[in-house]
Number of protein chains: 2
Amino acid sequence: MVEITSKNAARQTFMPLMRELVRAYQAFSHYSADGFRLSGSSLTQPFTLGNTEGMTFKEIGDKTLITKGTLTGIIDRLEGKKLVKRRTDKQDRRRIMVRLTRRGERLFDTEFPRQIIWMKKKFSQLSKKDRDEAIRVLGLIREAFEAE
Amino acid sequence: MVEITSKNAARQTFMPLMRELVRAYQAFSHYSADGFRLSGSSLTQPFTLGNTEGMTFKEIGDKTLITKGTLTGIIDRLEGKKLVKRRTDKQDRRRIMVRLTRRGERLFDTEFPRQIIWMKKKFSQLSKKDRDEAIRVLGLIREAFEAE
DNA sequence: TATTGTTATACTCTATAACTATA
DNA sequence: TATAGTTATAGAGTATAACAATA
């Protein structure tokens, strides 16, 4: 049924994993609770600025893999919504610190837990053992792709 | 160090998994070989039209979770590049079949294997056992989020 | 009436290159 | 010169609502 070629061998071996990774992430991100959608690599991820003293553009970019030009626009929009504010670093005036405003913090403090509760309902369908396994193997995948 | 509240309990329990899922996917998708980038839920995923007789807009939308208005634009662009073509279904003239052109097939036949080879280099860093585990737990995650 | 796909609208994310200000 | 961030440009994905054609 299946041709035995090295091309097909590779497909058989890695396609299912690749597909499952995409599908799992897609299901996860697409059905995130509204108002706090977790898109691929954007700042809407609550992992970035919440519970920090602020970060420079450079730091945010390094962490999220967003290029600086793109980041300016994203921060502009968040600033427009009064969720973050810019502040020039006094030591090095090229640097600009970005930090949550009170309103931004309030959003993270209210919306984020709501999101968590919703996530909990979903992730609870996995056993503790399976969740630990998931964390472990996802870490391996990340390391493999981060290398170089 | 950590407050013991139900909110924090949820964070402790599910945040690491959530974070690893996002980071692993991010690393995977961001470093995909150029020219064939795998974005979140777009048709650039080789899983959609390759090796099919064509699909209707409805079918593609259901499979990729892309809404119909968005899909029209995506197909327009692919058609502009002469990678796909539209054909009205004769039985039900409301339906339009989308199918790879010869050029589209050629792209999938050449670029896709190249992508696979690159993926192989990365995924090979995981043992067979870990890859199987990854497929299994990612399937569980997908099922949890797809339910309802 | 219901379904399939299109159009119009508006917004976000994306990268790149040229630019300004600072170091 | 090098680094941090902005601006300008161009393109792609996103959803929604109103619409046309067909069933």
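Just so we're on the same page: letters track the sequence lines, and every chain starts at 1. Just so you know, these numbers use all the heavy atoms, side chains as well, and skip hydrogens, waters and symmetry mates.
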Those residues at least two apart in sequence (or on a different chain) that pass salt bridge (Lys or Arg N to Asp or Glu O under 4.0 Å) with B:Arg136 are A:Asp130, B:Glu133
Please identify each residue that fulfils salt bridge (Lys or Arg N to Asp or Glu O under 4.0 Å) with B:Glu59, with sequence neighbours left out. none
What's the CD-C1' distance between A:Glu79 and D:dT6, to the nearest Å? 13 Å
In this structure, how many angstroms lie between the P atom of D:dG5 and the NZ atom of A:Lys85, rounded? 18 Å
Could you tell me the separation between the CG atom of A:Asp76 and the C1' atom of C:dT12, rounded to a whole number of Å? 13 Å
Minimum side-chain heavy-atom gap A:Met97-A:Met55 below 4.5 Å: no
Residues passing the salt bridge (Lys or Arg N to Asp or Glu O under 4.0 Å) test with A:Asp92, sequence neighbours excluded, are A:Arg94, A:Arg95
Atom CG of A:Leu78 and atom C1' of C:dC13: how far apart are they, to the nearest Å? 12 Å
N or O in side chain of A:Arg86 less than 4.0 angstrom from D:dT6 OP1/OP2: yes
I need the CG-C1' distance between B:Leu71 and C:dT6, as an integer number of Å. 11 Å
With sequence neighbours left out, write down each residue that passes side chain to side chain donor-acceptor pair (under 3.5 Å) with B:Glu143, or none if nothing qualifies. none
When the nearest nucleotide of DNA chain C is assigned to B:Lys58 and to A:Arg77 on a heavy-atom basis, which residue is associated with the more 5' position? B:Lys58
Starting at atom CD1 of B:Ile60, determine the distance to atom C1' of C:dG5, rounded to an integer number of angstrom. 12 Å
Would you call the rings of B:Tyr25 and A:Tyr25 parallel, tilted or perpendicular if under 30° counts as parallel and over 60° as perpendicular? parallel
What is the distance from CD1 of B:Ile66 to P of D:dG13, rounded to the nearest Å? 8 Å
Apply side-chain contact (heavy atoms from CB on, under 4.5 Å) to B:Lys58 and list each qualifying residue two or more places apart in sequence or on a separate chain. B:Thr56, B:Asp62
For nucleotides 16-23 of chain D, read 5' to 3', which letter fits each nucleotide if B means a protein heavy atom sits under 4.0 Å from the base, S means only the sugar-phosphate is that close, and - means neither? B-----BS
Between C:dT6, D:dG5, D:dG13, which nucleotide has the shortest distance from any of its atoms to the side chain of B:Ile74? D:dG13
Contacts of type side-chain contact (heavy atoms from CB on, under 4.5 Å), residue A:Arg106, not counting sequence neighbours: A:Arg103
Sequence neighbours excluded, the answer for side chain to side chain donor-acceptor pair (under 3.5 Å) partners of A:Glu79 is A:Arg86
Stem ranges of DNA chain C by first residue number, counting only runs of at least 3 Watson-Crick or G-U pairs under 3.5 Å, come to C:1-23 with D:1-23
